[in-house]
Number of protein chains: 2
Amino acid sequence: MGRNRATLADVARRAGLSKTAASMVLNGREGTRLSAEAHQRVFAAAEELGYRPNLAARSLRTRKTATIAFVSDIVATTRFAGGLIRGALDAARERDHVLLITETQGDATFEQYAIEAMLDRQVDGVIYAAMATRRLTVPQAILGGPVVLLNATSSDTLPCVLPDDDRAGRSVATALLEHGHRDAIALIGRNRLKEGDPEVSLAARARLRGIHQALGDAGVTLLAECFCTDWLPEHGYAAMRGLLNRQQRPSAVICMNDRLAFGAYQALGEAGLTVPDDISVISFDDDPIAAWLRPSLATTALPHEQMGRRAVELLLDGGAAEPTLVPMPLRRRKSLAPPAG
Amino acid sequence: MGRNRATLADVARRAGLSKTAASMVLNGREGTRLSAEAHQRVFAAAEELGYRPNLAARSLRTRKTATIAFVSDIVATTRFAGGLIRGALDAARERDHVLLITETQGDATFEQYAIEAMLDRQVDGVIYAAMATRRLTVPQAILGGPVVLLNATSSDTLPCVLPDDDRAGRSVATALLEHGHRDAIALIGRNRLKEGDPEVSLAARARLRGIHQALGDAGVTLLAECFCTDWLPEHGYAAMRGLLNRQQRPSAVICMNDRLAFGAYQALGEAGLTVPDDISVISFDDDPIAAWLRPSLATTALPHEQMGRRAVELLLDGGAAEPTLVPMPLRRRKSLAPPAG
DNA sequence: CTGTTAGCGCGTTCAC
DNA sequence: GTGAACGCGCTAACAG
């Protein structure tokens with residue numbers, strides 16, 4: 001790869017100058033007393049030879065590689081969290097940096113390996129990302145340089161980027177209140193593990209807090225809260241069936257994520273009920289399926305691209321020690337309507 | 001990042017030997033006449049100092065970086081093609097390599113930039129990946145070194161990895177035949193653009209060919225073929241509604257991908273029809289939604305992980321010049337049954 | 001047998 | 001404007 005590349009020495013020779021002179025000209029160093037003509041010659045030589053510096057050689061001296069490590073548990077290959085990478089990639093490109101990506105799969109051995117591989121390559125900093133928003137323990141080894149946590153926090157005081165789930169919870173509840181729902185709002189997706197263990201999820205508790213807060217401010221309490229062992233469609237389906245078996249049917253349902261909502265739609269369809277005429281549904285994440293559902297599902301978007309972007313910006317431009325909360329925009333879609341009757 | 005790392009010189013000094021000796025021992029060179037005791041001392045010193053070689057310095061000499069460029073149009077951030085990256089990541093790790101990932105977003109300027117960034121960093125090879133299986137033109141610049149095309153072919157004779165869509169088409173048709181469907185099989189997702197332009201899609205034509213071949217072998221012709229402007233749920237929905245308005249209702253439907261099938265499910269649900277009792281459905285891709293649908297959707301899986309893995313293997317271990325076709329496994333699920341009546 | 005010296009590879013930087 | 005050293009590890013040639 002890249003054999004026959006012209007070196008700085010080639011450029012200098014062609015320009016009839018020293019490597020030093022060529023280096024200074026090409027790096028636009030100020031305050032050097034090199035003639036305008038020397039500048040011309042160097043630029044011309046570099047142009048003609050198609051010279052590009054060997055970054056490996058450069059970094060040996062400068063200790064900068066313009067390379068960022070992106071270490072994640074499994075985010076890199078997760079269906080819709082690729083947005084994190086896309087945002088990071090964009091921001092990195094804008095700053096002339098490049099991303100070295102690895103995945104630990106939650107395996108300590110892999111993590112160890114990945115981190116050493118990164119440090120051996122002298123990366124300028126590390127973005128440590130989690131698939132589920134949660135608290136985690138950062139490996140000692142990377143604390144020697146800049147680190148930003150993405151979709152995660154830790155007990156160390158590291159800069160981190162998180163979605164604003166609390167505010168998202170409030171938006172969701174507020175959207176229902178605005179449509180006139182009050183005393184027949186149900187919730188699908190309570191989960192003790194997610195709510196209780198910050199290392200499993202920070203989102204669950206924050207969303208819940210926002211929901212309860214907004215409803216509480218309006219003097220409303222939930223009609224029902226369904227517990228689910230996980231947040232997959234099958235659990236939303238079961239929960240919705242349960243709700244429909246109760247004496248009072250809800251006028252609206254909040255699902256803790258879109259996959260649960262998908263399951264809820266399935267149960268509603270089977271029961272011959274229509275969204276939103278019979279029941280409104282609103283949710284979190286803005287998974288691609290949200291827009292594909294019929295009717296399209298109102299939800300609050302996880303701003304993955306923004307988050308990835310912010311992480312790179314924090315790492316490279318420096319910034320806040322306190323958590324960076326990225327807003328989760330409300331996507332108003334067709335699953336919302338005033339209560340029936 | 002990585003300040004204070006012990007250098008080879010540190011190790012040599014501590015072992016009371018020369019850098020050369022230390023280097024040879026640590027690299028396990030055979031045929032060197034260094035005493036067993038010298039070996040011990042070097043290993044001990046390296047251990048105590050936590051020595052790790054600086055790969056930038058090493059690559060300056062060896063011209064190997066143990067780094068692979070993964071350049072894609074937009075695959076890196078696509079919802080379920082992240083599997084390509086996961087597979088590549090795994091195979092790379094097994095070979096002690098690491099992935100430098102970039103995205104061109106189909107933009108020539110970005111592509112130019114990305115490739116230069118990679119070559120400047122002396123990557124050992126390039127995996128050039130496309131989101132949609134298609135033919136593409138490989139930039140000159142990367143032809144100086146090893147290249148493998150992933151989910152793509154080109155006019156240059158480069159090794160490439162493709163899903164075996166042709167065989168997948170035959171599996172799909174065969175699965176229906178095995179269930180007893182014959183003269184009432186419909187197809188959703190014909191598309192002139194995808195079928196006609198190899199730079200848009202190779203999959204469409206291959207799948208179609210496989211389907212027609214398997215049906216033809218059984219003396220069966222399709223009841224109907226619906227054209228769709230794209231392969232999204234809304235198009236599948238519209239096509240299915242169209243099919244239901246015809247005089248003869250199909251006993252089974254083949255959808256060109258799972259998103260179309262999702263739309264078809266929606267139309268069937270609205271029409272009060274049941275899968276698979278009224279109509280069987282089968283499809284391509286094994287998008288995550290396929291398993292979430294009720295009933296779960298039979299489909300042929302795009303073997304993304306396998307493909308990513310093969311690409312790295314071809315790049316590093318060398319291999320076939322002819323295309324590597326990766327089988328698309330049939331996922332038998334609940335959307336298949338014998339025709340009603 | 002047991003090792004070492006002297007450079008190379010490439011770009012940056014200090015002293016002159 | 002320049003020579004030389006440096007950063008770090010690898011390798012060919014050479015010495016006790």
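Chain letters run A, B, ... following the sequence lines, proteins first, then strands; residues in each count from 1.
Atom pair Arg41(B):CZ and dT2(C):C1' shows a separation of 11 Å (rounding to whole Å applied). Following rounding to the nearest Å, Lys19(B) (NZ) and dG9(C) (C1') show an atom-to-atom distance of 13 Å. What separates CG of Leu8(A) from P of dT2(D) is a distance of 12 Å, to the nearest Å. Distance CG (Leu49(B)) to P (dC8(D)): 14 Å, rounded to an integer number of Å. To the nearest angstrom, C1' of dG9(D) lies 13 Å from CG of Asp120(A). Atom CD of Gln122(B) and atom C1' of dG11(C) are 12 Å apart (whole Å). Across the protein-nucleic acid pair, Lys64(B) atom NZ and dC8(D) atom C1' stand 19 Å apart, rounded to whole Å. Atom CZ of Arg58(A) is separated from atom C1' of dT13(C) by 13 Å (rounded to the nearest Å).
Of the side-chain N and O atoms in Arg63(A), none sit less than 4.0 angstrom from OP1 or OP2 of dT13(C). Considering only side-chain N and O atoms, Ser23(B) lies under 4.0 angstrom from the phosphate OP1 or OP2 of dC10(D). For dC8(D), neither phosphate oxygen OP1 nor OP2 lies less than 4.0 angstrom from any side-chain nitrogen or oxygen of Arg52(B). Within the 4.0 Å cut-off from OP1 or OP2 of dG1(D), at least one side-chain nitrogen or oxygen of Ser35(A) is found.
Judged by closest nucleotide on DNA chain C, Ala21(B) is the one of Asn27(A) and Ala21(B) placed further toward the 5' end. Nearest-nucleotide mapping onto DNA chain C: of Glu37(B) and Leu60(B), the residue sitting toward the 5' end is Glu37(B).
Among the heavy atoms of the strands lying under 4.0 Å from Leu17(A) are primed sugar atoms or P, OP1, OP2 only; no base atom is included. Heavy atoms of Ala38(B) sit under 4.0 angstrom from primed sugar atoms or phosphate atoms, though from no base atom.
The backbone N or O of Ala130(A) sits less than 3.5 Å from a side-chain atom of Asn151(A), completing a donor-acceptor pair. Between the side chain of Thr65(B) and the backbone N or O of Gln122(B) there is at least one donor-acceptor pair closer than 3.5 Å.
Among dC8(D), dG3(C), dT13(C), the nucleotide with an atom closest to any side-chain atom of Met24(A) is dT13(C). Of the candidate nucleotides dC10(C), dG3(C), dC8(D), dC8(D) has the atom nearest to the side chain of Asn54(B).
Side-chain to base pairing of Arg61(B) with dC8(C): one donor and one acceptor N or O lie within less than 3.5 Å of each other. Judged by distance alone, with hydrogens and angles left aside, Thr20(A) brings a side-chain donor or acceptor within reach of the base of dG3(D), the pair sitting under 3.5 Å.
Using a 4.0 Å cut-off between charged side-chain N and carboxylate O, Arg41(A) and Glu37(A) make a salt bridge. Salt bridge present: Arg52(A) and Asp120(B) bring a charged side-chain N and a carboxylate O closer than 4.0 Å.
For the residue pair Arg135(A) and Ser154(A), no side-chain donor N or O sits within less than 3.5 Å of a side-chain acceptor on the partner.
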